[in-house]
Amino acid sequence: MVDQKKIEEAVRLLLQGIGEDVTREGLADTPNRIARMYEEIYKGMDEDAALHLAKTFAVDSNEIVMEKDITFYSVCEHHMLPFYGKAHIAYLPNGRVAGISKLARTVEVFARRLQIQEQMTTQIAEAIMDNLKPQGVMVMLEAEHMCMTMRGVAKPGSRTVTMAVRGCFEHDLRLQQYFFEMIKR
């Protein structure tokens, strides 16, 4: 649960720390705006992906299910700067599937918290394995990190790619190849 008063106080201190006048017109409401924004962008802190993955449907065949190009926005826990990109998820059902929007909602649960991309990738894969009990899952995240773009090494356009592979996808190169081919389409 976000404590708006603490956030407002912290933002005022931060603004003063960088030499700003927190009473000037353009900044007077900034602490409150940031507190409300944090409530929105960190709402995943209080969410459980299991709630989104609980509703499943029986299927007659266990053909691959893939959702690609799921846009996400997250915040790096190291510098508290955004990273954003696309998630690609494929799983091989085991008699049941989730509603397709539930994969995007699962990505959102983990993206909307202080995070590192490597951990987020694993969390998505584990949530799908734990809740859908598929034969396997493959998750790939591609993201641009503002901590690399606007500070430090300053390399805009560079992307970080992370993957998590579970179950039948781990050793089946044919399934892995299919995953990569589908992303390209």
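- Within 6.0 Å of the CE atom in Met182, the count of heavy atoms belonging to other residues, nucleotides or ligands exceeds 12.
- In plain terms, the two heavy atoms of Met138 and Phe180 that are nearest each other are CE-CZ, 3.6 Å.
- Following chains of ILVMFWY side-chain contacts shorter than 4.5 Å, one can reach Val165 starting from Ile64, so the two form part of one hydrophobic cluster.
- Looking at Glu8 and Gln4, their side chains never bring a donor and an acceptor atom within 3.5 Å of each other.
- With contacts defined as side-chain heavy-atom distances shorter than 4.5 Å, the pair Lys86/Thr71 qualifies.
- A donor and an acceptor atom, one from each side chain of Thr149 and Lys155, are nowhere located under 3.5 Å apart.
- Contact record, Gly26 with Arg33: O-NH2, 3.4 Å, taken as the closest heavy-atom pair.
- Residues Glu142 and Val161 come closest through the heavy atom pair CG-CG2, 4.1 Å.
- Within 6.0 Å of CE in Met37 there are more than 12 heavy atoms belonging to other residues, nucleotides or ligands.
- Put simply, the side chain of Ile100 reaches to within 4.5 Å of the side chain of Val65, judged on heavy atoms.
- Here the straight-line distance linking atom OG1 of Thr121 with atom CD of Glu126 works out to 11.5 Å at 0.5 Å rounding.
- Atom OH in Tyr91 sits 10.0 Å away from atom CD in Glu67 (nearest 0.5 Å).
- Residues Val137 and Ala125 share a closest heavy-atom pair of CG1-O, 3.8 Å.
- The shortest side-chain heavy-atom distance between Arg105 and Leu51 does not fall under the 4.5 Å cut-off.
- Taking the charged nitrogens against the carboxylate oxygens, Lys43 and Glu108 have no contact shorter than 4.0 Å, which rules out a salt bridge.
- Between Met66 and Phe179 there is a side-chain heavy-atom pair separated by less than 4.5 Å.
- Side-chain N/O atoms of Gln115 and Gln123 include a donor and acceptor closer than 3.5 Å.
- Enclosure of atom CD in Glu25 is not indicated, since only 12 or fewer non-hydrogen atoms of other residues, nucleotides or ligands lie within 6.0 angstrom.
- Here Gln135 contributes atom CD and Cys168 contributes atom SG; the two are 5.5 Å apart, rounded to the nearest 0.5 Å.
- Pairing each heavy atom of Gly95 with each of Asn62, the nearest pair is N-OD1, 2.7 Å.
- The local environment of OH in Tyr42 is crowded, with over 12 non-hydrogen atoms from other residues, nucleotides or ligands closer than 6.0 Å.
- A distance of 12.5 Å separates CD1 in Ile41 from OH in Tyr73, rounded to the nearest 0.5 Å.
- Considering all non-hydrogen atoms of both residues, Gln176 and His171 come closest at NE2-N, 4.4 Å.
- Look at Glu144 and Arg159 and you find no salt bridge, because none of the NZ, NE, NH1 or NH2 atoms lies under 4.0 Å from a carboxylate O.
- One distance of note links OG1 of Thr122 with CD of Glu118; it measures 8.5 Å at 0.5 Å rounding.
- Side-chain contact check for Glu20 and Gln16: no donor-acceptor pair (N or O, by modelled atom type) lies under 3.5 Å.
- No more than 12 heavy-atom neighbours from other residues, nucleotides or ligands sit within 6.0 angstrom of CD on Glu9.
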